[in-house]
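Sequence positions, counted from 1, serve as the residue numbers for this chain.
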Amino acid sequence: MNVDFGRVLTAMVTPFHNDLSVNLSQARKLARHLAASGSDGLVIAGTTGESPTLTKDEKVELFRAVVEEVGGKAVVLAGTGGNSTADSIVLTRAAEKVGVDGVMLVVPYYNKPSQEGIYQHFKTLAESTDLPVMIYNIPGRTAVNLLPATVARLAEIDNIVAIKEASGSMDQVSELRRLLPDSFAIYCGDDSLTLPMLALGGKGVISVASHLVGPRLQELVNAFTSGNTTLANEIHLELFPLFKGLFIATNPVPVKTALNLKGWQVGATRLPLVEATSTEKSAIKELLENLNLF
């Protein structure tokens, strides 16, 4: 399966009303803004979208709203992964019905499956849909690291076409690129590692910072791919404080704080996540001011 998801995708926050119900109208507005400001695609109901505290029905309504708003203008990837293979199949099929362009499936968390268990999980899910699949490795949240050798096996499945890699290990990225076919896309899952991963053969980034600096991230990626590594490095260093600052508390607390400061009214986070402290809010506000983002 030949698929191009683009180079800069935003892991979109899920806006909430004051009562913490999903704010679909604001989700539409934000999706439209992101698609017009540097995002080739949007990942809906991923980690940044607070997937653990969204119900299945809320996720499907989000998928539908975003597809209706930006379908055809930006790629829409639905976060349909989880730690129950059967439940993930149900959600994946529901996402397919509303017309998303693909799905992102996280390594099953908490269960701590073996590499064979992870392989069978993703294989079963991929066989349940005609959509292209991006797998997502984030061992800091799942407690299991998806190894490059397992990814290489999964890449033999026709509709598994990409990985979002967030292990933080450049050695692991190097091994992935060495083992995988050129057509298999590797996306960075940590904004601050976008440039090093591009240098190792990465396709692009699934970004949190692109909520705020999407066009600048596109400039970084385009500069690198066109051979202007000096400019790419300049942009990386310019944005580096923001990349790190958006993780001074658990994601997506800082980026939601930043968006609210900018007037986006995306609401608070659902428990067990809590709002940023006053110190954290001050630090985030200073970051925005330093980058002239107000």
Specify the closest pair of heavy atoms between Ala166 and Pro139, including all atoms of both residues, with the distance to one decimal.
O-CD, 4.0 Å
Distance check, rounded to the nearest 0.5 Å: Phe5 atom CZ versus Leu42 atom CG?
13.0 Å
Answer yes or no: is there a side-chain heavy-atom contact under 4.5 Å between Leu193 and Phe243?
no
Check for a donor-acceptor pair, side chain of Ser39 on one end and backbone N or O of Ala35 on the other, with a separation under 3.5 Å.
no
Find out if a path of hydrophobic residues (ILVMFWY) with successive side-chain heavy-atom gaps under 4.5 Å connects Val98 to Val66.
yes
Measuring from atom CE of Met197 to atom OG of Ser174, what distance do you get when rounded to the nearest 0.5 angstrom?
9.5 Å
Can you find a pair of side-chain heavy atoms, one from Leu62 and one from Leu24, that are under 4.5 Å apart?
yes
Where do Leu180 and Ala152 come nearest, in terms of heavy atoms and distance?
CD2-CA, 3.8 Å
Verify the cluster assignment for Val60 and Val67: are they in a single hydrophobic cluster under the rule of side-chain heavy atoms below 4.5 Å apart?
yes
Minimum heavy-atom distance Val133-Thr129, with the two atoms named
CG2-CG2, 4.4 Å
Any side-chain heavy-atom pair from His236 and Leu198 closer than 4.5 angstrom?
no
Are the side chain of Asn222 and the backbone of Gln218 linked by a donor-acceptor contact shorter than 3.5 Å?
yes
Side-chain donor/acceptor pairs under 3.5 Å, residues 281-294, sequence neighbours excluded:
unit_1 : atom_1 : unit_2 : atom_2 : d
Lys281 : NZ     : Glu275 : OE1    : 3.1
Ser282 : OG     : Ser278 : O      : 3.0
Asn290 : ND2    : Glu286 : O      : 3.4

Which pairs count as side-chain hydrogen bond (donor to acceptor under 3.5 Å, both in side chains) when at least one residue sits in residues 181-197, sequence neighbours excluded?
Asp191-Ser207
Glu69 (side chain) donor-acceptor with Arg32 (main chain) under 3.5 angstrom
no
Counterpart residues, salt bridge (Lys or Arg N to Asp or Glu O under 4.0 Å), relative to Glu156 (two or more places apart)
none
With sequence neighbours excluded, residues passing salt bridge (Lys or Arg N to Asp or Glu O under 4.0 Å) with Asp87
none
Return yes if some donor-acceptor pair links the side-chain N/O of Asn83 with the main-chain N/O of Tyr110 below 3.5 Å, else return no.
no
Could you go through the side-chain contact (heavy atoms from CB on, under 4.5 Å) check for Lys56 and Lys59 one step at a time?
CA-CA 5 Å; Lys56 173 185 173 291; Lys59 291 176 183 178; 5.7 Å; no
Got Phe240 and Lys244 here, is their nearest side-chain heavy-atom distance under 4.5 Å?
yes
Whether Asn23 side chain and His17 backbone form a donor-acceptor pair below 3.5 Å:
no
Do the side chains of Asn137 and Gln172 get nearer than 4.5 Å, heavy atoms only?
yes
Going by salt bridge (Lys or Arg N to Asp or Glu O under 4.0 Å), name the residues that satisfy it together with Arg270, two or more places apart in sequence or in a different chain.
Glu58
Measure from the side-chain N and O atoms of Asp101 to the backbone N and O of Leu77, and report whether any donor-acceptor pair falls under 3.5 Å.
no
In terms of hydrophobic clustering (I, L, V, M, F, W, Y; side-chain heavy atoms under 4.5 Å; direct or indirect links), are Tyr119 and Leu105 co-clustered?
yes
Using the rule given for side-chain contact (heavy atoms from CB on, under 4.5 Å), can you reason through Leu200 versus Arg177, listing the C-alpha separation, both sets of side-chain angles and the distance that settles it, and then say yes or no?
CA-CA 7 Å; Leu200 292 172; Arg177 190 69 285 165; 5.7 Å; no
Whether Asp19 side chain and Ser21 backbone form a donor-acceptor pair below 3.5 Å
yes
Can you tell me if CD on Gln265 sees more than 12 non-hydrogen neighbours from other groups inside 6.0 Å?
no
Distance from Ile206 atom CD1 to Glu165 atom CD, nearest 0.5 Å?
11.5 Å
Flag, side chain of Thr92 to backbone of Ser88, donor-acceptor distance under 3.5 Å:
yes
Test of understanding: clusters of I, L, V, M, F, W, Y form through side-chain heavy atoms closer than 4.5 Å, transitively. Do Leu195 and Leu176 belong to the same one?
yes
Without swapping roles, check the side chain of Asp40 against the backbone of Leu9 for a donor-acceptor pair under 3.5 Å.
no
Closest approach of Thr142 and Val107, non-hydrogen atoms and distance?
CG2-O, 3.3 Å
So OG1 of Thr229 and CZ of Phe224: to nearest 0.5 Å the spacing works out to 7.0 Å
Give the cluster check for Leu91 versus Val106: same hydrophobic cluster or not, with ILVMFWY residues linked at side-chain heavy-atom distances below 4.5 Å.
no
Is Glu238 close to Arg216 at the side-chain level, that is, under 4.5 Å between some pair of heavy atoms?
yes
Go through the steps for Phe63 and Val76 under the test side-chain contact (heavy atoms from CB on, under 4.5 Å), then give the verdict.
CA-CA 8 Å; Phe63 301 154; Val76 180; 5.9 Å; no
Could you grab the distance from atom NZ of Lys164 to atom CG of Leu146, nearest 0.5 Å is fine?
14.0 Å
Full working for side-chain contact (heavy atoms from CB on, under 4.5 Å) between Phe122 and Thr150:
CA-CA 10 Å; Phe122 285 137; Thr150 306; over 6 Å; no
Any side-chain heavy atom of Leu34 sitting closer than 4.5 Å to one from Ser210?
no
Please tell me whether Ser226 and Asn228 have a donor and an acceptor in their side chains that are separated by less than 3.5 angstrom.
no
Closest heavy-atom contact between Arg93 and Ser128?
NE-O, 3.4 Å
So do the side chains of Leu30 and His211 get within less than 4.5 Å of each other, counting heavy atoms only?
yes
Side-chain donor/acceptor of Arg7 to backbone N/O of Lys203, under 3.5 Å
yes
For Lys123 and Leu154 the tightest heavy-atom approach is N-CD2, 4.3 Å
Rounded to the nearest 0.5 Å, how far does OG1 of Thr53 lie from CG of Leu273?
7.0 Å
Scan the side chains in residues 254-261 for donor-acceptor partners under 3.5 Å anywhere in the protein, sequence neighbours excluded, and list what turns up.
unit_1 : atom_1 : unit_2 : atom_2 : d
Lys256 : NZ     : Thr14  : O      : 2.8
Lys256 : NZ     : Glu50  : OE2    : 2.8
Lys256 : NZ     : Ala268 : O      : 2.8
Thr257 : OG1    : Val253 : O      : 2.8
Asn260 : OD1    : Val266 : N      : 2.8
Asn260 : OD1    : Gly267 : N      : 3.3
Asn260 : ND2    : Lys256 : O      : 3.1
Asn260 : ND2    : Gly267 : O      : 3.1

